[in-house]
Amino acid sequence: MKRIALLGMPNTGKSTFFNRLTGSVARVGNWPGITVDLLDARILLGAQMVEVVDLPGIYNLHGYSEDEQVVRHFLEHNPVNLLCVVANAAQLDRQLSLVLQLKELGLPMVLLLNMMDEAKRLGINVEQEKLEKALGVPVIPLSAKNGQGFPWAKSMLEKSLQGTEARTADPANFAHDDALEHALEKLVNDTVHTPIQLTPTLTCRIDRTLLHPWLGLPLFLLSMYLLFEAVYTVGTPLQDGVEWLLGLAKQQLVEPVLAGASPVLKSFLLEGVYNGVGTVLSFLPIIVLFFLFMGVVEDSGYLSRAAFLMDAFMARLGLDGRSFVMQLMGFGCNVPALMGTRVMRSRGLRLLTMLIIPFSLCSARLQVFVFLTTAVFSPRTSPFVLFSLYVMSFFAAFLTALLYRRRLPNSEPLLLELPPYRLPTPRQMMHRGWHEATHFVRDAGGFILLGVVAVWFLTHYPFNVTPAGVDTLAGQIAGWMSPVFAPLGIDNLMSIALLFGFVAKEVVVGALAVIYGTSEGALAGIIATHLSWIEAYSFMLFVLIYTPCLSTIAVLKQESKSWLFTTLAVVWPLTLAWLVSFIFYQVATRLSA
Amino acid sequence: MTLEQLPVGHKARIASLEGDESLRARMFALGLRTGREVAVIRRARLGGPLQIRIGSTDLMLRRTEARLIRLEEQSPATIRTASSAG
């Protein structure tokens, strides 16, 4: 099968073109020696099947970033028939340097000048025929977002593939070529005509407000808050809807079918497998929505502005402005925030950001805290208690960054493009949401299901005792763990709830109801009589900081591709949770004694 | 003079780029090249990054990186860019 490699700088709309070209058939391919996810798709081009591989966006073929090494490795080891290079027509003065470097490889090439509409708006004029002649490759103007020029590009790819043979690139051709700089200058002067002084565009005017020295940050926080609100205003009813449907299906379909099954099998299938599937599915609406809205923010160019605003503070923690954006995202749900760190190129920076995100007080933990604070504290003190937990959340994250910034060094010099503001198209947004949803179900789904089944087993075996009681495996483990949890003021019954919380924090309240053998409605009263405020707060501190839910761990593994890092991301929060609860409980009991 | 010292709203030509090779290659790829004109659009507060403009491209970079970009000395009558913002 013939193969096309898709190349270009970041922010050229390369992925948009890829999506338009391949529809939704793309999958993550496996390539020997390559550790990052490369999307590839098989499509019918004319009369033949062609494989299209979307290589990471790079600025330079000679560079040393991970992405640049991936591209070189790919081209050296995988035969390719045709290079399809996407360039941003509005920035040809610097984008052509990559084109010239790629041309040195001697492989057949088609150059797509994307964002022609934007270039025209900026008054930039590209002489397409002259450029074609100078480069010796077909040049096609395009707007991948609106689809203008797309059929032309597609037929040109088909035409250029004819009679080609798949070849790998010769490593010798990757060597630096100083003559290129001179060639570039001449090429740009001959073919690209830019207005001498650009009029202050809309972007400039928006920047004046959004990057304002005093208003910039509050405005950014406000827009994040609104985005966050939007995700949950729309997402929570959807999530409830999914849960309602699952409950209905359970009642009407699954339970009648299982009526004749043995109690153990029934419990396994309903409380283990079915609840596991339910956990995965109920995460879906939030994930899809989050990526829809995040896609808008990301494509709009606002994220790089936020990075600009927050960088001074985050740099002192070994992070950068983008880490802060992702941390805020984590207050909704840690899972999509972790997936969002993909925009970072330095591995140290990305891992450090992934290490702090799980401390963000997500909406699932908020449910537990709202329940416990209202049960144990007076209405006057409850808001203050909740606020203190938010403060703790930031404290834990920043402390972690300070402690690990040397071990996960951020080697990335912050040199980012501030692209002009852009409006996303609905098609692009839908595509993004769909892709992330399938990615999540496929990669994290199995892990979550397995975890839920494991916890079911722990809390139900041996089968002849009360589920989740002290005689079950979980109860016994809690017994062994009691020397660990007793100094925190967390008794055996409560530590079983922590075990449930390992799967998903949403389960904690329900688990407490099962453990105390009561309904969720009557639980608040029972908790209030069982727990002192110090014990309750110590428990909440532990819930806030300790191991994020199974979904988060699954995604930590999926994104880091490292068991070592995943282990650290589980063990360190556990340690910190224990220390913080310990210090709080010991100091508070002594002070109040 | 380095780019870090260039006042907001002023522009100057790049004389040379310092720093390790991979950073220089990245600067080159983003359009920061010897002889090109660069303007400082704004600075973030508290020692934060700079926003600069080369041709039609806006970039942000930290002051540490800006210190690596040497500028050509110019006549006292520096030109204020039309599109600059405070």
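Chain naming here is simple, since letters A, B, ... match the order of the sequence lines and numbering starts at 1 in each. In what follows, every heavy atom counts, from backbone to side chain, and hydrogens, waters and symmetry copies are set aside.
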**Request:** Begin from the C-alpha positions of B:Asp58 and A:Glu417 and carry the test side chain to side chain contact (heavy atoms under 4.5 Å, CB included) through to its verdict.
**Result:** CA-CA 6 Å; B:Asp58 277 19; A:Glu417 195 189 330; over 6 Å; no
**Message:** side chain to side chain contact (heavy atoms under 4.5 Å, CB included) for B:Ile41 and A:Leu418? Distances and angles first, verdict last.
**Reply:** CA-CA 12 Å; B:Ile41 306 298; A:Leu418 293 170; over 6 Å; no
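Remark: A:Arg305 CZ to B:Gln51 CD distance equals 6.5 Å, nearest 0.5 Å. Rounding to the nearest 0.5 Å gives a distance of 5.0 Å between CZ of B:Arg42 and CG of A:Asp207. B:Arg43 contributes atom CZ, which lies 10.0 Å from atom CZ of A:Phe308 (distance to the nearest 0.5 angstrom).
Side-chain contact between A:Cys204 and B:Arg53 is present, with at least one heavy-atom pair separated by less than 4.5 Å. Inter-residue side-chain proximity for B:Leu32 and A:Leu415 is flagged as met; some heavy-atom pair is nearer than 4.5 Å.
Contact detail for B:Pro49 and A:Ala312: the closest heavy-atom pair is CD-N, 4.4 Å.
Residue contact with chain B, scored on non-hydrogen atoms closer than 4.5 Å, involves the backbone of A:Ser304 exclusively. With a threshold of 4.5 angstrom between heavy atoms, A:Met310 does not approach chain B through any atom at all.
Counting heavy-atom pairs closer than 4.5 Å to chain A, the top residue among B:Ile52, B:Leu30, B:Leu59 is B:Leu30. Top candidate by heavy-atom pairs under 4.5 Å with chain B, chosen from A:Leu98, A:Asp320, A:Leu309, A:Leu211, is A:Leu211. In terms of heavy-atom pairs under 4.5 Å with chain A, the best-connected choice from B:Arg36, B:Met27, B:Arg63, B:Arg33 is B:Arg33.
Side chain of B:Arg62 to backbone of A:Leu414: no donor-acceptor contact under 3.5 angstrom is found.
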